[in-house]
Amino acid sequence: MKVLVVGKGGREHAIITALHESPTETEIHAFPGSDAIFAIAKPADASDLPSLIAFLKRESFDLCVAGEESYLVTGEGLANACRAAGIPCWGPPKEAAQLEASKEFAKRFMVRHGIPTGGYAAVDSVEAAREAIGGKYPTVLKFDGLAAGKGVAVCPDEAAAETFIDEVLARRKFGEGRLLVEEFLDGPEISIFASVVDAEYQILAPARDYKRIGDGDAGPNTGGMGAVSSLEMLDAELRERIDREIVRPTVEGLQRDGLPYRGFLYFGLMLTADGPKILEYNCRFGDPEAQAVLPMITGDFARYVFEGAKGNLSPDLIGFRDGWSVCLVSASAGYPESSHSGDIISGLDALEEARIFHAGTRKNAGGQFETAGGRVYAIVARGATRAVAVATVYRESDKVSFDGMQRRSDIGTRNF
Ligand code: AMP
Ligand code: GLY
């Protein structure tokens with residue numbers, strides 16, 4: 001099976017590893033890929049979406065997998081272009097990918113289909129933002145567009161709100177787009193992933209990610225500093241409620257709205273005192289949740305995704321391991337405000353009981369891996385209990401380092 005994966009980060013390294021380790025024989029290519037990914041995948045001869053589609057057609061690819069979101073809504077859309085070229089794609093068309101690309105589109109969808117979520121107002125002026133907040137704090141402000149996880153501010157007071165409003169609406173830090181003022185919701189968060197194939201779906205193992213840079217969930221949001229996954233994170237009752245109130249109405253809503261969907265769908269939920277409420281949809285796997293969840297999947301992941309992309313949801317092709325998986329991210333100096341490149345990473349060969357998925361790394365002229373981005377890599381370990389998985393991931397992570405490395409010390413323990 002010839003498969004192309006779109007993306008270059010830790011999530012894509014994890015997806016490609018899972019495809020590579022599947023019993024079905026695969027020849028994997030990556031676009032744009034990374035030096036670490038090119039150890040198990042080949043580069044694609046492409047520079048943009050049209051040349052990528054031409055490459056897939058010319059080389060008779062069987063499957064295209066959307067790792068990251070941007071190409072889903074770029075130009076005519078990755079899945080739309082694949083469909084026109086007759087190539088099965090795991091990832092939704094542009095129209096459905098608005099669930100992630102536009103927070104206002106997603107909110108309207110949730111309201112239309114009666115899916116529990118916080119109240120909101122969409123505004124485009126500083127005055128309207130202040131009016132919508134109405135002096136009530138904490139308040140949640142979101143830039144209405146793709147911002148790599150950084151377009152959200154939970155503001156404890158007016159000063160924080162004014163700073164974010166100024167960034168989004170006056171200084172246009174993220175470009176053109178409206179601002180959503182959202183009701184603040186309280187409770188533990190959980191990430192739910194489903195494989196959606198038209199009217200059918202399968203819920204995968206849940207996960208929890210750690211978005212703040214600092215221990216104790218302090219400091220600014222990041223792309224994600226770690227994640228935990230286990231089937232034990234949800235009891236049967238809560239799992240059933242999430243399915244009934246959120247996942248099923250979403251899949252039915254997509255059908256009702258005439259939005260075909262094949263691919264992973266991510267539900268970011270807050271488990272409030274009034275029940276689960278949805279914070280956001282993402283039209284792909286989470287990062288870094290994928291790095292924690294995928295090592296828990298058994299069976300034939302490659303065939304599972306291939307069949308799904310062709311319209312055959314096949315839950316029996318995969319299974320989930322018992323126990324826990326913990327993913328610990330190491331970030332470079334200065335992250336998330338900036339990032340530091342060119343620091344040599346040592347100890348990569350010393351890992352024994354964990355795997356590593358590269359995000360912001362590259363090979364230097366001497367063939368050594370060095371830092372090349374904010375989040376540098378994730379170390380992932382499994383264990384029969386959460387405590388064992390946490391101890392193992394930290395023990396293994398201690399073996400790998402680079403100058404200025406930042407990591408949290410409470411991944412897998414905080415919020416449990
Ligand atoms: P999002 O990208 O929309 O998932 O938001 C990023 C993070 O901001 C979430 O994981 C939450 O920690 C926080 N957040 C988002 N929306 C809310 C909300 N309505 N109430 C409280 N926290 C929120
Ligand atoms: N872990 C959050 C995300 O992938 O958006």
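Order of appearance sets the numbers: ligands from 1, and atoms from 1 within every ligand.
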Problem - Min N/O separation Lys211 to ligand 2 under 3.5 Å - result: no
Handout entry: Contact atoms of ligand 1, heavy-atom distance to Leu279 under 4.0 Å
Key = 9 (C), 11 (C), 16 (N), 17 (C), 18 (C), 19 (N)
Exercise for the section: Give a yes-or-no answer on whether the side chains of Glu307 and Ser314 include a donor-acceptor pair shorter than 3.5 Å. Expected result: no
Problem - Interfacing atoms of ligand 1 (cut-off 4.0 Å, heavy-atom, Phe184) - result: 20 (N), 21 (C)
Practice task
Could you tell me whether the side chains of Asp257 and His113 share a donor-acceptor contact shorter than 3.5 Å?
Solution key: yes
Problem - Check ion pair Glu69-Arg11 (N to O, under 4.0 angstrom) - result: yes
Exercise for the section: Using a strict cut-off of less than 4.0 Å between a Lys/Arg side-chain nitrogen and an Asp/Glu carboxylate oxygen, indicate whether Arg386 and Glu232 qualify as a salt bridge. Expected result: no
Exercise for the section: Could you tell me which atoms of ligand 2, counted from 1 in the order shown, lie closer than 4.0 angstrom to a heavy atom of Asn282? Expected result: 3 (C), 5 (O)
Completion exercise
Per-atom filter on ligand 1: closer than 4.0 angstrom to a heavy atom of Lys142 are 3 (O), 15 (C), 16 (N)
Problem - Passing option when Asp166 is tested against Arg130, Lys173, Arg171 for salt bridge (charged side-chain N to carboxylate O under 4.0 Å, His left out) - result: Arg171
Practice task
Determine, using ring centers only, whether Phe61 and Phe55 are less than 6.0 Å apart.
Solution key: yes
Practice task
Considering the heavy atoms of Asp209, write down every atom of ligand 2 situated less than 4.0 Å from one of them.
Solution key: 1 (N), 2 (C)
Exercise for the section: Before signing off on this row, confirm whether Arg11 and ligand 2 have an N or O atom pair separated by under 3.5 Å. Expected result: no
Exercise for the section: Go through the side-chain N and O atoms of Tyr304 and Ser195 and say whether any donor and acceptor fall under 3.5 Å apart. Expected result: yes
Exercise for the section: Mark up the atoms of ligand 2 that fall under 4.0 Å of a heavy atom belonging to Gly286, in ascending order. Expected result: 4 (O)
Handout entry: Which of the ligand 1 atoms, numbered from 1, are nearer than 4.0 Å to a heavy atom of Met270
Key = 21 (C), 22 (N)
Handout entry: Shortest heavy-atom approach to atom 23 (C) of ligand 1 - which of Val154, Leu141, Leu269, Asn221
Key = Val154
Problem - Between Phe264 and Phe285, ring centroids under 6.0 Å - result: yes
Exercise for the section: Find all atoms of ligand 1 within a distance of less than 4.0 Å from any non-hydrogen atom belonging to Lys103, and give their numbers and elements. Expected result: 2 (O), 3 (O)
Practice task
Compute the centroid of each ring, for Tyr377 and then for Phe357, and state whether the two points are separated by less than 6.0 Å.
Solution key: no
Practice task
Record the part of Leu185 in heavy-atom contact with ligand 1 below 4.0 Å; permitted values are side chain, backbone, both and neither.
Solution key: both
Fill in the blank from the handout: At under 4.0 Å between heavy atoms, what of Glu69 touches ligand 2? The answer is neither
Exercise for the section: Determine, considering heavy atoms only, which of Glu280, Arg284, Met225 sits nearest to atom 5 (O) of ligand 2. Expected result: Arg284
